[in-house]
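This report refers to the structure that appears directly beneath it.
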Amino acid sequence: MILNLRTLTTSLVIMLSLGASANTAQASSGSLSLPLQGTSSQPQDLTLEPEFWWAGMQNPELQLMLYSRDFPSLPQQLKVDIQGHGITLKSLEHIDNPHYLFINLDLSQAAPQTFELVISSTDSASKTNTPLYRLPYTLQARAEGSRERQGFSNKDVIYLITPDRFANGDTSNDNQADMIEQVAANSLSNPSTPYYPNARHGGDIAGISQHLAYLAKLGVTQLWINPLLENNQAQYSYHGYSITNLYRVDPRFGSNEDYKALVAKANKLGLGVIKDVVVNHIGSNHWWLNDLPSQDWLNDATKTQLHNRESKPDLIQSADTKSSTIKSSVTSPRFTSHRRTTVQDPYAAAQDHIDFVDGWFTDTMPDLNQSNPKLATYLIQNSIWWVEYAGLSGIREDTYSYADKGFLAKWSKAVMAEYPNFNIVGEEWTANPITVSYWQKGKINADGYTSDLPSLMDFPLYEKLIASLNEPETWDTGFIKLYEMLANDVVYAEPSKLVLFEGNHDTNRIFSLVKENIDLYKMALTYVLTAKRIPQLFYGTEVLMTSPTEGRHDGVVRSDFPGGFANSATNAFTGQGLSEPQLQAQQFVRTLLNYRKQSPALHSGDLLHFVPQDGVYVQFRCVLNVPLSAEQKTEALKSLIQNNSLTQHNACTQPSADKVMVIYNKNDKAVTLDIKRFASVLGDSGAATDIISGKTVSLNQAITLPHAGVTILELKPNSKSKTKSPLNAGLPSSQDSMRSRSKANALTRAHTNDTANNLAKNSTQKGTQP
């Protein structure tokens, strides 16, 4: 049974009689849900989404979705009048279901204001208009600098929070009368009960807000919070990915206003907030499921081929169109194949592509058909609404490749056009860098597909990190796999913009995956936090939270953060009750994170690494602190072309650069690292600072590594080096070289051709064959 959630919504309530004026109240969500009183004996709902908008947006067009069961059966009998200034009614659109009306507005000349939408029913016989609703609609003024907001970047460290499991700051909202699933107190007091892992535990926005100071002190700068929107499902709804209202924060987490206040408070402490967005699917109790706008609103299993003949003819093979036995049912969906390569595989059968993109995750997660233009507009506007309303600094897009790829291109372009400095990271869960790279902005794909998605989660490098740390060091196992994986960066348009992580809500805990070896744990975290990537940590990693290591154990992986709940035996926020290893791990993370905050080398520096030898792997991150002159840049490019070297211009080869040296050592016994091998980077640096211990390390002799672990050294150029002109410094950053590789290759070819022509000319003059 699917409940009518509109009757449960606590948003703005306006009692309307036919032809009556509306009385306004403060809304608590982005949709207007209005019980109506008219001639019928039973009240009906009027829903308007989005509930309000802003004047001065980059895209001046707005599409309102209006739902009412009181609309006439003939859509052409509806009339809309706009009583406002500078607002143009472009068109009215109708779809299969006459209960829905789409109103297209042009706001290019509109200033902030509250205007009125007058919805009337036209009697074609008498030619009279009967006012049905008078709806006030507000265009708000945008916050100063909203368009120019800075998204998360390589300067940041992202901290992922599963809100139900982080901290319960307000126990009064744990259970809600209008929510199906309730917190079972008896189960929560006994974590050994079977119900416990997948139950709601009561964590909320208040819990996050109360511990922002801890997160700021830890050194993270961005909070990615798993979905906070309403999940009014019967069970297993704590994770947030079965959304039943796209404009309402789940009341068990708090309210829309609480979310907005959280972002504002976090910003004051130097923390941005990244919203977890889902465009691929919704929850089965979403109010749409009571009365679908159109038959192709969902990718229904038995309707998939039917509506795809019309909307996706390029994917349908001729044999597929001959079937006449298609039946409709929303109760027996076909599930996704998860075969994500079918989206870009030039040899994939069309049906295999459809099986992946149009299939449902589960029967409680109906798959949305984003090729429907009105649904596409709805989803795009919803994402922009939350960015503008809450003041967000980023979006993490769930199950990215599972949605229609044409829509994904439009969605990413629309969001980034509205906020040019914003950032979005997409989830493409595969160990294949080719598959991941397909979706990034700037990638030239063989099929011509282009995207405006700036970033993706770097699952390939994550998978290789875990494997390499656990493998023995041999010719082709261990660190060498991690070393060689970085060579795949050539397939990415912007590899440094990828988000690298040590774990997330879908992966087992890193401390468990490295067999609770504290040295390997520190190596894993150091790699993530010093890589030429945007780093991301999972809540509780800093205090060695554990999980099983094989298979999926989501409820256990997302266990309660120590100290966030009344029954916590330990408190990671204060350190009370933590073991010595936990305290050491927390301090290690805190030290490294806060060092990273002020390290340009780790933010934007070049990467140079050396082939692992004897269980030791050395990397450098380096950034020039003396700007190059135009002459030096020209000389650098010439050097790059002549030597055909990608590292010729690397800042790590320059004496004037600030450098961070990272030494990964798997040897349990003491080993001596001969630093002569790194002379091209170390130059005349005589000493370095260990950023974890603060001790000075001499670079005039071999470095002794007493046991397995990681050593992080900061090298500063001496005063003489700073004044030298780096004649072979090349381009300012190897990141720039990735973008200009094609230009360099073209110049190389031109240089080679010129040389060949000159040789030929000289050879001819000498009477020899060219």
Side-chain angles (χ1 to χ4, degrees), residues 154 429-437 456-492 495-504 507-515 517-538 541 549 592 596 601-602 605-622 646-647 650 652 660-668 671 673 677-678 681 705 708-713 734-735 738:
N154 294 83
W429 192 345
T430 175
N432 187 343
I434 298 293
T435 306
V436 175
S437 69
L456 289 111
M457 307 300 295
D458 197 346
F459 277 92
L461 194 54
Y462 161 78
E463 299 280 0
K464 203 61 67 176
L465 173 63
I466 302 302
S468 67
L469 289 175
N470 284 307
E471 290 178 348
E473 289 299 306
T474 69
W475 169 256
D476 58 357
T477 63
F479 282 141
I480 190 63
K481 286 188 175 180
L482 191 57
Y483 172 87
E484 292 181 345
M485 175 56 75
L486 285 180
N488 288 304
D489 275 9
V490 297
V491 306
Y492 295 109
S496 66
K497 290 186 177 181
L498 301 177
V499 173
L500 179 62
F501 52 97
E502 47 74 27
N504 62 34
T507 66
N508 290 319
R509 290 280 179 173
I510 183 65
F511 189 52
S512 297
L513 290 175
V514 295
K515 303 176 179 62
N517 182 314
I518 193 67
D519 293 321
L520 294 179
Y521 161 87
K522 289 181 179 179
M523 288 188 214
L525 265 63
T526 300
Y527 191 89
V528 169
L529 294 171
T530 62
K532 194 173 174 62
R533 295 292 193 269
I534 301 171
Q536 176 248 299
L537 303 179
F538 189 30
T541 290
T549 58
L592 184 50
R596 192 185 188 283
L602 296 182
D606 288 349
L607 169 66
L608 189 67
H609 64 162
F610 290 76
V611 174
Q613 291 183 358
D614 302 322
V616 178
Y617 180 22
V618 177
Q619 290 190 336
F620 289 88
R621 294 293 307 280
C622 316
L646 291 179
T647 60
N650 194 299
C652 292
V660 174
M661 180 181 188
V662 186
I663 307 169
Y664 300 95
N665 173 34
K666 276 191 185 177
N667 297 282
D668 292 328
V671 297
L673 181 66
R677 185 185 180 204
F678 316 112
V681 180
L705 305 174
V710 62
T711 302
I712 312 169
L713 303 176
S734 62
Q735 180 176 347
M738 299 296 258

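What you see below is based on every heavy atom in this structure, not just the backbone, and it leaves out hydrogens, waters and symmetry mates.
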**Study point:** Close side-chain approach of Tyr492 and Val436, heavy atoms under 4.5 Å
**Key:** yes

Review point. Salt bridge (charged side-chain N to carboxylate O under 4.0 Å, His left out) with Glu484: which residues, sequence neighbours excluded?
Key: none

Review point. Is the shortest heavy-atom distance from the side chain of Leu608 to the side chain of Phe678 under 4.5 Å?
Key: no

Review point. Which atom names give the shortest non-hydrogen contact between Leu673 and Met661, and what distance separates them?
Key: CD2-CE, 4.5 Å

Exercise for review: May I ask you to decide if the ring planes of Tyr664 and Tyr617 are parallel, tilted or perpendicular, using 30° and 60° as cut-offs?
Suggested key: tilted

Check your understanding: Can you tell me how far the CZ atom of Arg509 sits from the CD atom of Glu502, to the nearest 0.5 Å?
Key -> 7.5 Å

Review point. Can you name the residues that form a side-chain contact (heavy atoms from CB on, under 4.5 Å) with Ile434, not counting sequence neighbours?
Key: Gln344, Asn432, Val491

Practice item. If the plane angle is over 60° it's perpendicular, under 30° parallel, otherwise tilted; pick one for Phe511 and Tyr521. Key: perpendicular

Point to revise | Intermediate values then yes/no, side chain to side chain contact (heavy atoms under 4.5 Å, CB included), Tyr527 and Leu482 | key: CA-CA 10 Å; Tyr527 191 89; Leu482 191 57; 3.5 Å; yes

Review point. Does any N or O in the side chain of Asp668 come within less than 3.5 Å of the main-chain N or O of Ala708, such that one atom is a donor and the other an acceptor?
Key: no

Revision key, fill the gap. Value for OG1 (Thr526) from CD1 (Ile663), rounded to nearest 0.5 Å, stands at 11.5 Å

Review point. Do any N or O atoms from the side chain of Lys481 and from the backbone of Asp476 form a donor-acceptor pair under 3.5 angstrom?
Key: no

Review point. Considering residues at least two apart in sequence or located in another chain, which fulfil the salt bridge (charged side-chain N to carboxylate O under 4.0 Å, His left out) criterion with Arg533?
Key: Asp458, Asp489

Exercise for review: Could you check if a side-chain atom of Asn154 sits within less than 4.5 angstrom of a side-chain atom of Ser496, using non-hydrogen atoms only?
Suggested key: yes

Check your understanding: So do the side chains of Ser468 and Met485 get within less than 4.5 Å of each other, counting heavy atoms only?
Key -> no

Check your understanding: Side chains of His609 and Phe479: closer than 4.5 Å at any heavy-atom pair?
Key -> no

Exercise for review: Taking all non-hydrogen atoms of both residues into account, name the closest pair between Arg596 and Pro535 and its distance.
Suggested key: NH2-CD, 3.4 Å

**Study point:** Point-to-point distance, once rounded to the nearest 0.5 Å, from CD of Gln536 to CG of Leu529
**Key:** 10.5 Å

Practice item. Return the set of residues passing salt bridge (charged side-chain N to carboxylate O under 4.0 Å, His left out) with Lys522 (not counting sequence neighbours), or none when no residue passes. Key: none

**Study point:** Student check: side-chain heavy atoms of Leu705 and Asn667 closer than 4.5 Å
**Key:** no

**Study point:** Flag side-chain contact, heavy atom, 4.5 Å: Leu592 against Leu525
**Key:** no

Point to revise | Distance (rounded to the nearest 0.5 Å) between Glu473 CD and Ile480 CD1 | key: 9.0 Å

Point to revise | For Lys464, salt bridge (charged side-chain N to carboxylate O under 4.0 Å, His left out) partners two or more places apart | key: none

Exercise for review: Would you please name every residue forming a side-chain contact (heavy atoms from CB on, under 4.5 Å) with Asn508, sequence neighbours left out?
Suggested key: Leu513, Ser547, His553, Val557

Review point. Would you say Thr477's side chain and Pro472's backbone share a donor-acceptor pair under 3.5 angstrom?
Key: yes

Exercise for review: Indicate, with yes or no, if the rings of Tyr483 and Phe610 have centres closer together than 6.0 Å.
Suggested key: no

Review point. Is there a side chain to side chain contact (heavy atoms under 4.5 Å, CB included) between Ile510 and Ile466 once you walk through the steps?
Key: CA-CA 8 Å; Ile510 183 65; Ile466 302 302; 3.2 Å; yes

Exercise for review: Go through the steps to decide whether Leu520 and Lys515 satisfy the test side chain to side chain contact (heavy atoms under 4.5 Å, CB included), and finish with yes or no.
Suggested key: CA-CA 9 Å; Leu520 294 179; Lys515 303 176 179 62; over 6 Å; no

Practice item. Please report the shortest heavy-atom distance between Val710 and Met523, naming the atom on each side. Key: CB-CG, 4.2 Å

Review point. Near Asp614 CG, under 6.0 Å, is it more than 12 heavy atoms from other residues, nucleotides or ligands?
Key: no

Check your understanding: Please walk me through it: do Asn504 and Tyr462 pass side chain to side chain contact (heavy atoms under 4.5 Å, CB included)?
Key -> CA-CA 11 Å; Asn504 62 34; Tyr462 161 78; over 6 Å; no

Check your understanding: Taking side chain as C-beta onward, heavy atoms only, is Leu486 less than 4.5 Å from Leu461?
Key -> yes

Check your understanding: Stepwise, does the side-chain hydrogen bond (donor to acceptor under 3.5 Å, both in side chains) test hold for Thr530 with Gln619?
Key -> CA-CA 9 Å; Thr530 62; Gln619 290 190 336; 4.8 Å; no

